[in-house]
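The sequence lines fix the lettering, A, B, ..., with proteins before strands; numbering per chain opens at 1. Note that the structure is a prediction, hence the values are computed from the model and not measured.
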Amino acid sequence: MTKTVVFTHSFKYQLYEEYSPSPAPFVSVRIYMGKEVFTADALLDSGAVLSAFDYEYVHLWGIDEKKLSRVKTPVVGGTTYVYVANRLPIRVDPLTQPIKCRVGFIHGLSTNIVGRLGVFDQLQVNFDEAEKTIHMAINSPGN
Amino acid sequence: MVADRIYAPDENSSKTALPSYIIFAERAYSTAFQVRKPDEELLETSAAVLKVLSNGQTTKIVDQPAQLDEQEIQALTARIKRFFLGRAEPEYSDAGPIGDTELTWVANNFRQLRKMYGGEWIAVSRQAVIAHAAKPADLRSLLKSLDTYAPFVKRIPAEDEHAPLFAL
């Protein structure tokens with residue numbers, strides 16, 4: 001089967017100067033908390049199911065902690081707790097409107113992650129590792 | 001990429017009494033418009049020539065036989081957006097691209113930012129740090145007083161903090 005995808009957006013990998021030793025596929029993520037809107041960076045991670053942010057973002061974005069559900073999750077070397085918001089409006093390019101996703105918050109998470117759930121099923125994402133570039137397009141029947 | 005799509009009534013259709021429909025799609029909607037066509041229900045509902053802007057607003061540019069009031073236009077706008085954007089939420093208005101300007105600026109200036117704000121949270125807008133605080137709740141309070149839209153917020157690791165696992 002051959003499938004042709006027309007990518008509409010491209011972003012270079014980002015290298016955090018003197019911190020990350022190699023460029024990585026970071027993108028800007030927009031978060032909508034009523035009238036308050038924030039932008040944050042997050043690593044596009046096709047291996048992760050859930051999008052996740054450091055727990056401190058709960059305080060930054062004014063999320064009601066009582067509305068988060070706590071889920072015990074296995075990780076390398078043990079288990080951790082993920083605090084899940086079930087319908088957090090987030091958006092990444094090239095989406096033109098936010099989508100309400102399950103998003104996890106984890107204490108001490110040093111890198112925010114955009115996972116597949118809710119996001120990757122609406123986007124075509126291509127990692128051009130050789131060019132250190134992400135190409136993306138809205139997922140659609142013709143794309 | 002800008003897509004201009006013109007939908008005219010099907011001459012063989014029984015709906016030829018309906019007015020023509022012209023929908024100009026600016027950049028943000030171009031992909032969606034290219035892959036789908038209006039359904040019959042939408043055509044029956046619509047009764048004006050509309051210009052759909054990239055920010056999701058709709059402007060009535062030509063009146064057709066049935067006059068729509070503002071409330072009807074707003075309802076129609078929401079329907080058009082739901083139709084073309086599928087599950088996307090229609091209540092937000094900043095449909096323009098987010099881009100990576102602030103992200104790139106922070107990445108390129110990370111060494112200096114760590115020296116100045118290591119261990120703190122910063123907010124960046126228009127390639128400048130507009131606020132910083134040790135605690136995210138304090139940064140949130142500062143931002144409320146600044147009247148800025150969608151600032152880029154990030155915790156800057158202290159100079160003695162190591163890179164995360166992803167980058168190894």
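Closest non-hydrogen pair, Pro151(B) versus Val37(A), comes out as CD-O, 3.4 Å. His59(A) and Arg140(B) make their closest contact through O-CD, 3.5 Å (heavy atoms, listed as atom of the first residue, atom of the second, distance).
Among Thr104(B), Thr101(B), Asn108(B), Val124(B), the residue making the largest number of heavy-atom pairs under 4.5 Å with chain A is Thr104(B).
With a 4.5 Å cut-off on non-hydrogen atoms, Val58(A) does not touch chain B at all. Residue Asp138(B): no heavy atom, backbone or side chain, is found under 4.5 Å from chain A.
There is a path of hydrophobic side-chain contacts, each under 4.5 Å, that joins Val92(A) to Met33(A). A continuous path of Ile, Leu, Val, Met, Phe, Trp and Tyr side chains, each step under 4.5 Å between heavy atoms, connects Val125(A) with Val119(A), placing both in one hydrophobic cluster. In the hydrophobic clustering of ILVMFWY residues, with side-chain heavy atoms under 4.5 Å counting as a link, Val49(A) and Val71(A) come out together. Both Leu143(B) and Phe53(A) are part of a single hydrophobic cluster, where members link through side-chain heavy atoms under 4.5 Å apart. Note on Leu88(A) and Leu50(A): separate hydrophobic clusters, where clusters join Ile, Leu, Val, Met, Phe, Trp and Tyr whose side-chain heavy atoms are under 4.5 Å apart, directly or indirectly.
Side-chain atoms of Phe110(B) and Leu15(A), non-hydrogen and from C-beta on, never get closer than 4.5 Å to each other. Using a 4.5 Å heavy-atom threshold, the side chains of Leu60(A) and Val153(B) count as touching. In this structure, Glu102(B) and Thr39(A) have side chains that are not in contact, with every pair of non-hydrogen atoms separated by 4.5 Å or more.
Looking only at distances, no side-chain donor or acceptor of Asp41(A) sits under 3.5 Å from a matching main-chain atom of Leu103(B). Of the possible donor and acceptor atoms, none in the side chain of Ser28(A) sits under 3.5 Å from a partner among the backbone N and O of Asp100(B).
To the nearest 0.5 Å, atom OH of residue Tyr16(A) and atom CG of residue Leu113(B) are 10.0 Å apart.
Geometric assessment of Lys154(B) against the ring of Tyr57(A) yields a negative cation-pi assignment under the 6.0 Å and 45° thresholds.
Salt-bridge annotation for Asp54(A) and Arg155(B): absent, with no side-chain N of the basic residue lying under 4.0 Å from a carboxylate O of the acidic one.
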Q) Hey, mind stepping through Glu56(A) and Lys135(B) against side chain to side chain contact (heavy atoms under 4.5 Å, CB included) and telling me if it holds? A) CA-CA 8 Å; Glu56(A) 295 280 24; Lys135(B) 295 182 178 179; over 6 Å; no
